Amino acid sequence: MLANKERRELFSFLSTSIQDVVKEKKPKETILRPPYFSDINAFDIECQNCEGLCATSCQEQIIIIGDDKTPRLDFSKSGCTYCDDCAVACTPDVLKVANKKLIEEKVAISQTQCMSWEGVMCFSCKDPCLEDAIDFKAMFTPTIDQEKCTSCGFCISRCPSYAIEVKGI
Ligand code: SF4
Ligand code: SF4
Ligand code: SF4
């Protein structure tokens, strides 16, 4: 029989090992940056002394400033119109209109979470997509045409089953 002290040490060891496994399996957070940067490292330098000018200028309110004081896009309520306002507001020039590009990360529909893939009629993601990038085959099984998709994110918050995901590159 193990003494109480040894049992406590054993449980503590097992618990730490399980936490390590869970940490390893946790998907890495995808940080989406506003689509106007050229040097990814500039966020960690210039943004440290900025009041978050890009975030306050974004009319869609999709830029949030993280604990590390750098900006990231949050598509949980809206999407990016590529309006340039954040780049114009960024006086330290981390974001510049001249560097405008599409958001690089890809947007995709999870077939296991999407109701339409389960045979339920749903077109919630189709209307907000101005690029007409979501293909429905015979009114079901939507997929995103990556040639048309601009990764604007407007479809994401409209999906009632949280089936639309942003995938890191
Ligand atoms: S381009 Fe416009 S909508 Fe997109 S993040 Fe910048 S300010 Fe917001
Ligand atoms: S405005 Fe520019 S410097 Fe300021 S937080 Fe945004 S990206 Fe960083
Ligand atoms: S992220 Fe792509 S599929 Fe979704 S609304 Fe924007 S363009 Fe359409």
Side-chain angles (χ1 to χ4, degrees), residues 27 29-117 120-169:
E29 186 199 359
T30 301
I31 296 181
L32 301 177
R33 300 298 190 187
Y36 296 89
F37 66 90
S38 61
D39 177 8
I40 193 88
N41 297 316
F43 290 106
D44 294 326
I45 302 164
E46 302 292 344
C47 301
Q48 304 307 310
N49 300 314
C50 175
E51 301 290 312
L53 300 169
C54 53
T56 46
S57 73
C58 178
Q59 292 189 25
E60 297 297 329
Q61 298 185 331
I62 58 166
I63 302 183
I64 53 173
I65 304 297
D67 292 339
D68 62 357
K69 298 202 75 188
T70 70
R72 69 258 349 258
L73 303 182
D74 171 14
F75 287 149
S76 62
K77 293 192 179 70
S78 190
C80 177
T81 58
Y82 293 95
C83 68
D84 299 349
D85 285 355
C86 52
V88 172
C90 179
T91 45
D93 279 351
V94 177
L95 310 174
K96 291 203 311 203
V97 178
N99 296 330
K100 185 171 186 164
K101 60 190 167 191
L102 290 180
I103 294 161
E104 290 168 359
E105 289 77 3
K106 296 293 171 206
V107 175
I109 295 175
S110 160
Q111 296 180 7
T112 53
Q113 267 176 266
C114 170
M115 295 191 292
S116 185
W117 277 86
V120 177
M121 200 171 279
C122 171
F123 298 104
S124 299
C125 56
K126 193 166 176 57
D127 283 347
C129 182
L130 301 183
E131 309 301 328
D132 198 22
I134 305 185
D135 293 330
F136 283 79
K137 299 270 180 292
M139 300 206 288
F140 292 100
T141 63
T143 52
I144 294 181
D145 180 342
Q146 299 297 339
E147 294 295 312
K148 293 185 184 172
C149 178
T150 61
S151 300
C152 69
F154 275 100
C155 54
I156 291 175
S157 61
R158 300 288 284 274
C159 173
S161 56
Y162 307 101
I164 307 181
E165 312 164 325
V166 179
K167 294 185 184 291
I169 49 167

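Just the heavy atoms: all of them, side chains too, but no hydrogens, waters or symmetry mates, feed the values below. Source: prediction; values computed, not measured. Just so you know, ligand 1 is whichever comes first in the structure, and atom 1 is the first atom listed for that ligand.
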From Asp93, Asn99, Asp84, residue fulfilling side-chain hydrogen bond (donor to acceptor under 3.5 Å, both in side chains) relative to Tyr36: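 Of Asp93, Asn99, Asp84, side-chain hydrogen bond (donor to acceptor under 3.5 Å, both in side chains) with Tyr36 is met by Asp84 alone.
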For the [atom1] atom on [X], are there more than 12 heavy atoms of other groups (residues, nucleotides or ligands in this structure) within a distance under 6.0 Å?
X: Phe123; atom1: CZ; answer: yes
X: Lys148; atom1: NZ; answer: yes
X: Gln61; atom1: CD; answer: no

Nearest-0.5 Å distance that lies between atom OG1 in Thr91 and atom CG in Leu53: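 Nearest 0.5 Å value for the OG1-CG distance: 5.0 Å.
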From Phe75 atom CZ to Cys80 atom SG, the distance as rounded to the nearest 0.5 Å: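 Going from the CZ atom of Phe75 to the SG atom of Cys80 covers 6.5 Å.
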Element-labelled atoms of ligand 2 that are located less than 4.0 Å from some non-hydrogen atom of Leu95: 7 (S)
Proximal atoms of ligand 2 relative to Cys50 (non-hydrogen, under 4.0 Å):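 It comes down to these atoms of ligand 2: 1 (S), 3 (S), 4 (Fe), 5 (S).
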Numbered atoms and elements of ligand 1 in range of Asp84, under 4.0 angstrom, heavy atoms: 1 (S)
Tyr36 neighbourhood, listing ligand 1 atoms whose heavy-atom distance to it stays under 4.0 Å: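 Under 4.0 Å from Tyr36, ligand 1 has these atoms: 1 (S).
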Would you say that [X] contacts [Y] through its side chain, given a criterion of any heavy-atom pair below 4.5 Å between the two side chains?
X: Asp85; Y: Ser57; value: yes
X: Leu73; Y: Pro34; value: yes
X: Val107; Y: Lys167; value: no
X: Cys90; Y: Lys96; value: no
X: Ser76; Y: Ser157; value: no
X: Trp117; Y: Thr143; value: yes

So which protein heavy atom does [atom] come closest to, and at what separation?
atom: atom 3 (S) of ligand 2; value: Pro92 CG, 3.6 Å
atom: atom 2 (Fe) of ligand 2; value: Cys90 SG, 2.3 Å
atom: atom 8 (Fe) of ligand 2; value: Cys47 SG, 2.3 Å

Under 2.8 Å from atom 8 (Fe) of ligand 1, the protein N, O or S atoms, given as residue and atom: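 Atoms qualifying: Cys58 SG.
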Residue-atom pairs from the protein, N, O or S only, that lie under 2.8 Å from atom 2 (Fe) of ligand 3: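 You should have found Cys149 SG.
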Salt-bridge criterion met for Lys69 and Asp44 (N-O under 4.0 Å): no
